[in-house]
There are 4 protein chains.
Amino acid sequence: MPSRVAVCGAAGFAGGLCAALVQRHPELELTLLTARSDAGKRHDEIYPRYRVPLEMHEFDADAVAEAADAAFVAYPHGASAPAVKALRERGLKVVDLSADFRLEQGRYESYYQPHGAPELLEEAVYGLTELHREAIREADLVAAPGCYPTAAILALHPLRELMRDAVVDAKSGVSGAGREATGTTHFVSVDENVNAYKVEGHRHRAELEQELGEHAPITFTPHLVPLDQGLLASCYVSTDNGISGDELRELFEQEYANEPFVELSDSPPGVRDVRDTNMCRIHATVEPATGRVLVFAAIDNLWKGAAGQAVQDLNLMLGLDETAGLL
Amino acid sequence: MPSRVAVCGAAGFAGGLCAALVQRHPELELTLLTARSDAGKRHDEIYPRYRVPLEMHEFDADAVAEAADAAFVAYPHGASAPAVKALRERGLKVVDLSADFRLEQGRYESYYQPHGAPELLEEAVYGLTELHREAIREADLVAAPGCYPTAAILALHPLRELMRDAVVDAKSGVSGAGREATGTTHFVSVDENVNAYKVEGHRHRAELEQELGEHAPITFTPHLVPLDQGLLASCYVSTDNGISGDELRELFEQEYANEPFVELSDSPPGVRDVRDTNMCRIHATVEPATGRVLVFAAIDNLWKGAAGQAVQDLNLMLGLDETAGLL
Amino acid sequence: MPSRVAVCGAAGFAGGLCAALVQRHPELELTLLTARSDAGKRHDEIYPRYRVPLEMHEFDADAVAEAADAAFVAYPHGASAPAVKALRERGLKVVDLSADFRLEQGRYESYYQPHGAPELLEEAVYGLTELHREAIREADLVAAPGCYPTAAILALHPLRELMRDAVVDAKSGVSGAGREATGTTHFVSVDENVNAYKVEGHRHRAELEQELGEHAPITFTPHLVPLDQGLLASCYVSTDNGISGDELRELFEQEYANEPFVELSDSPPGVRDVRDTNMCRIHATVEPATGRVLVFAAIDNLWKGAAGQAVQDLNLMLGLDETAGLL
Amino acid sequence: MPSRVAVCGAAGFAGGLCAALVQRHPELELTLLTARSDAGKRHDEIYPRYRVPLEMHEFDADAVAEAADAAFVAYPHGASAPAVKALRERGLKVVDLSADFRLEQGRYESYYQPHGAPELLEEAVYGLTELHREAIREADLVAAPGCYPTAAILALHPLRELMRDAVVDAKSGVSGAGREATGTTHFVSVDENVNAYKVEGHRHRAELEQELGEHAPITFTPHLVPLDQGLLASCYVSTDNGISGDELRELFEQEYANEPFVELSDSPPGVRDVRDTNMCRIHATVEPATGRVLVFAAIDNLWKGAAGQAVQDLNLMLGLDETAGLL
């Protein structure tokens with residue numbers, strides 16, 4: 001019997017895709033959707049191409065608990081914590097897509113705001129599957145990582161023992177900025193443009209520091225590029241003693257040989273190569289002129305960078321095949 | 001009386017814009033166009049929006065010399081050298097937009113091919129106006145720099161005494177790849193995509209090494225982004241002793257205070273901010289978390305990165321106001 | 001001595017370009033900018049590429065009248081009428097870019113709302129230059145036409161005696177939807193999309209009816225396409241007695257032979273052919289299979305469809321060369 | 001046991017997607033790929049995101065017949081006929097995606113060229129599933145329709161008894177132009193552009209005439225829009241006696257109520273609504289001002305306009321559920 005799953009916050013880009021992935025999942029049943037300002041609308045009014053013919057309701061923890069055994073929560077940070085708390089109190093397994101449960105409390109509060117449910121932080125697991133698979137299997141609350149950290153950490157993790165310093169120049173499509181209509185997301189602002197933003201400290205840096213930071217100082221600069229879904233992290237790593245191209249390739253092959261959603265490529269990946277998939281495609285090489293290590297990691301920010309990885313996490317939490325519904 | 005100017009190679013993107021810029025220039029007269037495979041066509045068949053109603057002819061050095069006092073040569077590298085040589089022998093001032101006269105011979109031949117007119121290298125001046133203005137004024141042959149080096153060198157030049165190492169992550173629109181129809185320039189390859197390319201050594205690296213290379217090892221990685229005209233160089237610089245944000249700003253202000261085509265901005269520039277202009281827009285800052293210097297430089301690759309800068313060079317060579325026809 | 005010109009509503013896309021066009025105009029002096037919600041900002045904060053270094057002020061009719069002899073008003077319909085009235089009372093020549101003075105009162109009020117200054121309608125001239133040049137020369141108040149009507153009317157006007165019916169299928173870039181951030185203008189809504197909208201009656205229909213409507217029933221359907229500036233009107237015209245291709249070409253040549261901003265092309269125009277220009281590029285042909293007349297007219301919606309045509313109008317009103325500042 | 005299926009011409013856009021659809025199909029087994037100039041390459045070198053890890057071979061009818069029970073042929077028109085003939089002689093069921101078997105011989109030869117296998121035309125069925133479902137079920141050779149005719153015919157078919165005349169203004173993404181790199185498909189030609197093309201007679205007109213032509217004269221004008229996958233047919237229909245909006249809706253509901261891949265929407269569809277799906281999304285309405293019938297039909301040109309419909313056809317030919325592998 002398939003597990004019954006609710007998606008809270010199904011009107012946003014990440015939650016909207018969660019609903020679609022659950023609907024097509026062979027072992028999950030989509031039972032309830034919630035939304036905030038779009039409550040009362042049907043999901044397929046907003047996302048016709050997903051063809052999820054369900055109405056979205058106001059959030060009511062009891063109603064969710066009655067309808068579902070597990071839930072994705074895709075509210076903005078701050079709004080997520082109380083919803084997650086209410087669902088955990090009612091016994092649901094939860095994958096949260098906001099930042100609320102990704103960081104230990106001090107780090108969270110220095111980057112975001114006072115935490116709304118700090119008592120849950122102890123049980124929360126950072127849901128970057130490739131790094132924390134076993135903990136995710138045991139968890140009842142998983143925090144799906146941010147899109148930038150997902151690509152950057154997968155790119156840098158194999159180098160963790162060698163890194164002296166690292167630069168992460170990341171390029172994201174506009175869906176990463178969310179569904180809110182702002183000057184930043186206006187077509188005319190983005191079209192025929194590319195620019196860096198939040199260069200003095202994007203909040204996703206907190207996740208890089210937590211997962212990688214002890215190893216080396218990391219520069220992280222996000223850029224906006226004129227496309228919808230896709231994220232490329234171009235990483236530049238200095239190592240203490242140098243490394244050959246062959247050693248580098250071997251390092252990545254060892255790390256990711258058995259990973260269903262990481263693939264190594266012989267040339268720099270494009271985000272188009274992973275569009276609408278849960279894959280992270282990586283190319284690592286040594287720049288001949290400088291000996292510096294270059295790693296390029298491409299993901300679809302809404303899939304492996306959000307909803308896809310969240311489903312990957314829930315699959316593990318429910319004891320299902322990790323790839324179910326994602327290939 | 002305006003100087004009479006020919007554009008050789010007017011069917012390509014850079015040469016095509018050269019023709020348009022000369023036509024609208026108040027002190028230049030556009031007298032002759034040449035092209036190779038498009039000889040016989042009118043310029044405005046290929047570039048209607050430029051509205052240059054002239055036919056393009058096969059290259060004939062005598063005909064060019066008869067019609068013009070100065071010429072832009074915008075043939076591909078290798079094809080440019082003999083045309084430039086023929087025009088110099090006939091006394092024309094030449095701005096060459098290919099790589100043929102940008103590098104000293106050894107460096108050229110290691111990155112490109114045997115040089116077709118090495119005897120001219122001594123008189124050739126590297127046409128990055130902001131660095132070589134006085135030499136350009138005296139020159140009869142100027143090599144307009146590549147698009148990537150223009151942005152990267154303008155970004156890094158003020159830091160030349162401080163740099164310990166540098167990473168240049170550059171993003172270019174598709175017009176930088178030229179007018180040839182290839183798998184790389186097919187709309188479906190570029191649309192909704194972003195990827196690094198030639199990561200093991202793009203030839204524009206040679207210009208970075210020549211102009212900056214004694215200062216520090218430089219990593220240089222070009223990326224292709226889904227837009228037409230525009231280039232952003234995101235530069236990450238480690239310094240020996242650190243530098244404060246205020247010192248950094250002062251350094252850039254001193255360097256560029258009087259430059260008509262460099263502007264400093266308070267936030268990271270977008271390539272849209274300089275589209276269809278000859279401006280280089282730069283933002284420099286210090287990343288709080290690491291102390292690393294970040295410099296972002298945006299240009300229009302066809303203007304300041306090619307045809308615009310070539311006109312800026314010719315203005316100087318002819319004793320005109322450097323900004324004539326470019327504002 | 002150049003005429004002193006103010007731009008009221010300089011923060012919007014059309015007003016923003018007006019300011020840039022006036023600044024570069026050889027016979028106009030840009031003296032004052034106003035804006036509503038962006039008052040207090042500099043124009044070049046919002047539109048860096050135009051490089052207009054002026055602050056935008058709250059609208060104050062006395063201040064505008066003191067600073068300027070003529071004004072462009074680019075407020076939304078409804079907001080425009082009182083500003084225009086105040087400026088006309090103070091003796092300024094005005095080109096209004098809203099819909100407020102394009103239509104006779106009854107038609108305006110059936111498509112829009114009660115009119116805010118109906119007493120001015122008598123002196124207002126519809127500013128489609130090619131149709132109303134002489135009246136514009138004499139006018140003190142000109143209403144610059146909408147972008148869709150500009151292209152459609154220029155396409156259909158030469159056929160006015162022959163049309164039995166017409167279909168106008170128009171495609172506009174997103175700048176036509178204005179600078180407001182909405183679900184419609186969000187990058188993710190527009191990117192990789194094309195759709196018709198307001199198919200049961202877009203308000204620009206009123207201008208088509210006024211200028212062409214007595215001739216034939218006209219179907220008018222606007223579409224949104226994923227680009228910034230550009231508008232293509234594809235027009236399908238049934239004629240009573242048929243017309244040959246040669247007759248058709250002759251008709252258009254007669255109509256537009258001496259027009260500086262209309263050009264006839266041998267093949268269907270692309271909006272890229274007219275980008276950032278004041279040209280309307282037209283191709284007319286007869287479909288062999290049906291005998292139907294096809295006319296394609298391309299403009300830049302912000303130039304010939306708004307600010308460019310507004311400058312063209314003001315040039316005439318001030319006795320200047322119609323093309324001044326526009327080539 | 002799943003049917004074994006080959007895809008001949010798997011390197012093109014349509015054939016490339018066919019391979020992906022067969023691979024993920026629950027009741028088909030992908031056994032062999034062929035290509036012409038890309039023979040020897042793996043499919044996932046060209047289309048990484050489809051993740052089909054098979055090598056493409058030179059076409060050899062015996063090898064195909066040994067490996068497969070059915071085949072998709074996606075060669076260009078002219079090249080397709082001999083391949084189809086060879087496979088039919090060996091007993092395979094074939095869905096051909098070229099134009100070679102869509103038309104009766106006279107019409108084909110007047111639009112294309114002398115036919116390469118006219119003896120097969122009798123058994124070939126035009127594969128627009130919604131119109132010819134029963135014949136497709138019985139067929140061994142089906143010709144998948146062109147992308148433009150698919151959308152236009154589905155839009156106009158319900159009106160076949162009422163149409164007096166019709167205009168089809170169609171907008172296609174660039175993948176419709178195929179994978180060949182040409183001036184037309186160069187990113188810089190398409191980006192920020194929209195234009196009509198082949199306005200004096202696109203070959204897809206032949207299919208409209210065959211399927212609809214007896215009903216009324218049809219104007220058909222294709223346009224190119226700057227996006228990858230998607231096709232919108234905007235249709236303008238005059239009727240003899242008029243029709244109300246309610247009658248119109250009822251007509252479409254009757255026609256398509258039980259169609260799994262046609263959906264009626266309350267507002268004009270965008271191509272984004274059907275991206276990467278086999279759906280045709282249609283909105284029909286009556287323009288109040290003129291009484292003209294407007295029908296908008298959106299498809300993904302590579303799915304319902306090519307590979308998706310081809311799979312839909314093969315499903316029927318093999319006695320499978322029509323929607324298998326397509327939802």
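Every chain is numbered from 1 and lettered A, B, ... according to where its sequence line falls, protein lines coming before strand lines. No experiment lies behind these values; they were computed from the predicted model shown. Values reported hereafter were calculated over all heavy atoms of this structure, with side chains retained and with hydrogens, waters and symmetry mates removed.
- Here C:Y148 and C:H202 bring their ring centres to under 6.0 angstrom of each other.
- Heavy atoms from other residues, nucleotides or ligands lying under 6.0 Å from CG of D:D266 number 12 at most.
- Listed options D:K171, D:R205, D:H283 were ranked by heavy-atom pairs under 4.5 angstrom with chain C; first place goes to D:K171.
- Residue-environment remark: CD (C:E247) exceeds the threshold of 12 foreign heavy atoms within 6.0 Å.
- The greatest number of non-hydrogen atom pairs below 4.5 Å with chain D, out of C:G201, C:P288, C:S238, is found for C:P288.
- If you measure heavy-atom distances from D:T219 to chain C, the contacts under 4.5 Å come from both the backbone and the side chain.
- For the pair D:Q229 (side chain) and D:R275 (backbone), a donor-acceptor distance under 3.5 Å is absent.
- Between the OH atom of C:Y50 and the CG atom of C:L21 there is a distance of 7.5 Å, given to the nearest 0.5 Å.
- Only the backbone of D:S189 comes within contact range of chain C, judged by heavy atoms closer than 4.5 Å.
- Contact annotation for D:I218: only backbone heavy atoms (N, CA, C, O) come within less than 4.5 Å of a heavy atom of chain C.
- Residue contact with chain C, scored on non-hydrogen atoms closer than 4.5 Å, involves the backbone and the side chain of D:P226 alike.
- Between the side chains of D:E207 and D:Y126, a donor-acceptor pair is found at a separation under 3.5 Å.
- Proximity to chain C is limited to the side chain of D:V225, based on heavy atoms less than 4.5 angstrom apart.
- By number of non-hydrogen pairs under 4.5 angstrom with chain C, the leading residue of D:V286, D:D273, D:L231, D:D228 is D:D228.
- The contact between D:V188 and chain C is made by backbone and side chain atoms together, counting heavy-atom distances below 4.5 Å.
- Counting only N and O atoms by type, the side chains of D:S234 and D:D169 include no donor and acceptor under 3.5 Å apart.
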